[in-house]
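If you're wondering where the values come from, they're calculated on a predicted model, not measured in any experiment.
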Amino acid sequence: MSRVVVVVGASSGIGRATARAFAGRGDRLVLAARATTTLAEVRAECADVDVLTVPTDVTEPGALQALADAAIGRFGRVDVWVHTAAVMAYGRFDELPERVFDQVVRTDLLGAAASVRVALRHFRAVGAGTVVLTGSVLGHVTAPYMSAYVASKWGLRGLVRTVQQELRDRPEIRLCLVNPGSVDTPVYQQAANYLGRIGRPPPPVASPQRVARAVVDCVDRPRREVSVGRLNVVLRAGFTVLPGVYDVLVGPLMRALGLGGRPVAAHDGSVFAPNPVGEAVRGGHLPDLRSLLFGPVGAVGTAVRRRLG
């Protein structure tokens with residue numbers, strides 16, 4: 001029997017890729033995000049399964065409980081709750097507006113905490129279920145100019161570890177944390193920016209589909225924490241074992257690899273309101289491998305057809 005899967009943050013990036021991945025397995029979906037128009041697009045992408053879309057702002061009081069009620073009202077239960085919703089802001093800590101910092105933390109940490117609370121109350125009532133959260137390698141290390149996001153992800157990792165300890169007497173209820181490194185999603189372009197240079201994911205960059213596969217795998221084979229990214233272990237080791245060296249290097253590396261050269265005026269990005277135009281699975285930071293593989297073949301085929309008339 002197919003599972004009922006709630007995906008919070010389903011309109012873009014990892015969440016959108018995760019919705020597609022669960023749909024490909026035949027699971028019934030409850031998709032939540034702020035942008036109604038984008039949710040409709042994702043619903044069309046998952047048209048082969050039963051989908052309920054619920055416009056949801058995770059920072060609004062009661063919104064996630066209303067989401068759970070809608071899911072149960074439609075399908076009678078929830079088996080899996082995935083939370084990927086996140087926003088980002090660039091800027092030196094003292095130059096980032098307080099309202100922006102607070103909203104990032106409210107979205108990335110408190111919104112995720114509200115998701116866990118609502119999901120666990122339902123799972124305790126029915127006796128089983130799986131919660132999967134997306135953290136970040138920045139929940140284990142730090143990087144300049146991203147203070148609100150880093151603080152949120154460190155707080156999220158602490159919350160997850162604490163709740164996992166509290167669930168030791170309920171092994172049928174699982175809480176998993178998936179920690180990606182750099183991922184090719186639009187979150188960098190959508191970020192608030194008070195630094196003057198647009199952000200980008202430093203290499204190596206993983207695809208959102210790879211992270212989505214890790215999320216789905218956590219449902220099949222639950223684990224406390226999963227890392228996605230080739231350099232995550234190296235970064236964590238350097239941060240822990242050689243903190244002085246890490247601190248000397250991380251600033252120049254961030255400026256060289258984590259920021260683009262194009263100047264950008266100060267703006268709030270999608271921190272306070274969605275930007276449907278900028279929402280997609282990928283952010284354009286990785287080459288389109290299909291085009292690289294089939295583009296030359298297609299070009300040759302077109303040339304041959306033209307020669308043959």
Drop me the distance from [X]'s [atom1] to [Y]'s [atom2], to the nearest 0.5 angstrom.
{"X": "Arg124", "Y": "Leu167", "atom1": "CZ", "atom2": "CG", "answer": "5.5 Å"}
{"X": "Arg43", "Y": "Leu52", "atom1": "CZ", "atom2": "CG", "answer": "7.0 Å"}
{"X": "Tyr145", "Y": "Leu195", "atom1": "OH", "atom2": "CG", "answer": "6.5 Å"}
{"X": "Gln209", "Y": "Thr18", "atom1": "CD", "atom2": "OG1", "answer": "9.5 Å"}
{"X": "Leu31", "Y": "Phe22", "atom1": "CG", "atom2": "CZ", "answer": "11.0 Å"}
{"X": "Arg161", "Y": "Leu177", "atom1": "CZ", "atom2": "CG", "answer": "11.5 Å"}

Testing the basics here: between [X] and [Y], what is the closest heavy-atom pair and its distance to 0.1 Å?
{"X": "Thr38", "Y": "Pro276", "value": "OG1-CB, 3.4 Å"}
{"X": "Val132", "Y": "Cys218", "value": "CG2-CB, 4.2 Å"}
{"X": "Gly135", "Y": "Asn179", "value": "CA-OD1, 3.4 Å"}
{"X": "Val281", "Y": "Pro208", "value": "O-CG, 3.4 Å"}
{"X": "Val250", "Y": "Ala143", "value": "CG2-CA, 4.3 Å"}
{"X": "Ser182", "Y": "Pro202", "value": "OG-O, 2.6 Å"}

Can you find a pair of side-chain heavy atoms, one from [X] and one from [Y], that are under 4.5 Å apart?
{"X": "Asp50", "Y": "Arg74", "value": "yes"}
{"X": "Glu279", "Y": "Ser270", "value": "no"}
{"X": "Leu133", "Y": "Leu175", "value": "yes"}
{"X": "Ser207", "Y": "Leu286", "value": "yes"}

Backbone N/O of [Y] and side chain of [X]: donor-acceptor pair under 3.5 Å:
{"X": "Thr56", "Y": "Ala63", "answer": "no"}
{"X": "Arg28", "Y": "Val49", "answer": "no"}
{"X": "Thr84", "Y": "Gly9", "answer": "yes"}
{"X": "Thr130", "Y": "Val219", "answer": "no"}
{"X": "Arg197", "Y": "Gly261", "answer": "no"}
{"X": "Asn193", "Y": "Gly196", "answer": "yes"}
{"X": "Asp184", "Y": "Gly283", "answer": "yes"}
{"X": "Arg282", "Y": "Ala280", "answer": "no"}
{"X": "Arg16", "Y": "Ser11", "answer": "yes"}
{"X": "Gln65", "Y": "Val118", "answer": "no"}

State whether the number of non-hydrogen atoms from other residues, nucleotides or ligands found under 6.0 Å of [X] atom [atom1] is greater than 12.
{"X": "Arg77", "atom1": "CZ", "result": "yes"}
{"X": "Asp220", "atom1": "CG", "result": "yes"}
{"X": "Glu98", "atom1": "CD", "result": "no"}
{"X": "Arg224", "atom1": "CZ", "result": "yes"}

Listed once per pair and sorted, the salt bridge (charged side-chain N to carboxylate O under 4.0 Å, His left out) pairs that draw on residues 262-271, sequence neighbours left out |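 Matches after skipping sequence neighbours: Arg99-Asp268.
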
Charged N-O contact under 4.0 Å between Asp27 and Arg3 |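 The answer is yes: the pair qualifies as a salt bridge.
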
Is it true that Arg170 and Glu172 make a salt bridge, defined as a side-chain N closer than 4.0 Å to a carboxylate O?
->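 So Arg170 pairs with Glu172 through a salt bridge.
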
Hydrophobic clusters here meaning ILVMFWY residues chained together by side-chain heavy-atom distances under 4.5 Å, can you tell me if [X] and [Y] are in one?
{"X": "Val187", "Y": "Ile198", "answer": "no"}
{"X": "Leu39", "Y": "Ile14", "answer": "yes"}
{"X": "Val8", "Y": "Met88", "answer": "no"}
{"X": "Val5", "Y": "Val78", "answer": "no"}
{"X": "Leu64", "Y": "Val131", "answer": "yes"}

Listed once per pair and sorted, the ring-ring contact (aromatic ring centres under 6.0 Å, His included) pairs that draw on residues 162-209, sequence neighbours left out = Tyr188-His285

Contacts of Arg255 that satisfy salt bridge (Lys or Arg N to Asp or Glu O under 4.0 Å) - sequence neighbours left out |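 By the salt bridge (Lys or Arg N to Asp or Glu O under 4.0 Å) rule, Arg255 matches no residue at all.
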
What do you reckon, are the aromatic ring centroids of Tyr246 and Phe239 less than 6.0 Å apart?
-> yes

Run the side chain to side chain contact (heavy atoms under 4.5 Å, CB included) check on Arg213 and Val228 step by step: do they pass?
-> CA-CA 10 Å; Arg213 288 194 295 270; Val228 181; over 6 Å; no

Could you please spell out the steps behind the side chain to side chain contact (heavy atoms under 4.5 Å, CB included) verdict for Val163 and Arg117?
-> CA-CA 10 Å; Val163 177; Arg117 184 181 299 114; over 6 Å; no

Dump the intermediate steps for side chain to side chain contact (heavy atoms under 4.5 Å, CB included) on Thr185 and Val211, then the final yes or no.
-> CA-CA 11 Å; Thr185 78; Val211 184; over 6 Å; no

Under the ring-ring contact (aromatic ring centres under 6.0 Å, His included) test, residues paired with Phe75 that sit two or more places apart | none

Can Glu225 and Gln164 be said to form a side chain to side chain contact (heavy atoms under 4.5 Å, CB included), step by step?
-> CA-CA 10 Å; Glu225 192 169 341; Gln164 286 172 338; 5.7 Å; no

Got a list of side-chain donor-acceptor pairs under 3.5 Å for residues 148-159, not counting sequence neighbours?
from   : atom 1 : to     : atom 2 : distance (Å)
Ser152 : OG     : Ala148 : O      : 2.8
Lys153 : NZ     : Thr134 : O      : 3.1
Trp154 : NE1    : Leu138 : O      : 3.1
Trp154 : NE1    : Val141 : O      : 2.9
Arg157 : NE     : Gly139 : O      : 2.6
Arg157 : NH2    : Gly139 : O      : 3.2

Distance-only check: which donor-acceptor pairs under 3.5 Å involve side-chain atoms of residues 103-115, not counting sequence neighbours?
from   : atom 1 : to     : atom 2 : distance (Å)
Gln103 : OE1    : Arg106 : NH1    : 2.5
Thr107 : OG1    : Gln103 : O      : 2.9
Asp108 : OD1    : Val87  : N      : 2.8
Ser115 : OG     : Trp81  : NE1    : 3.0
Ser115 : OG     : His83  : ND1    : 2.7

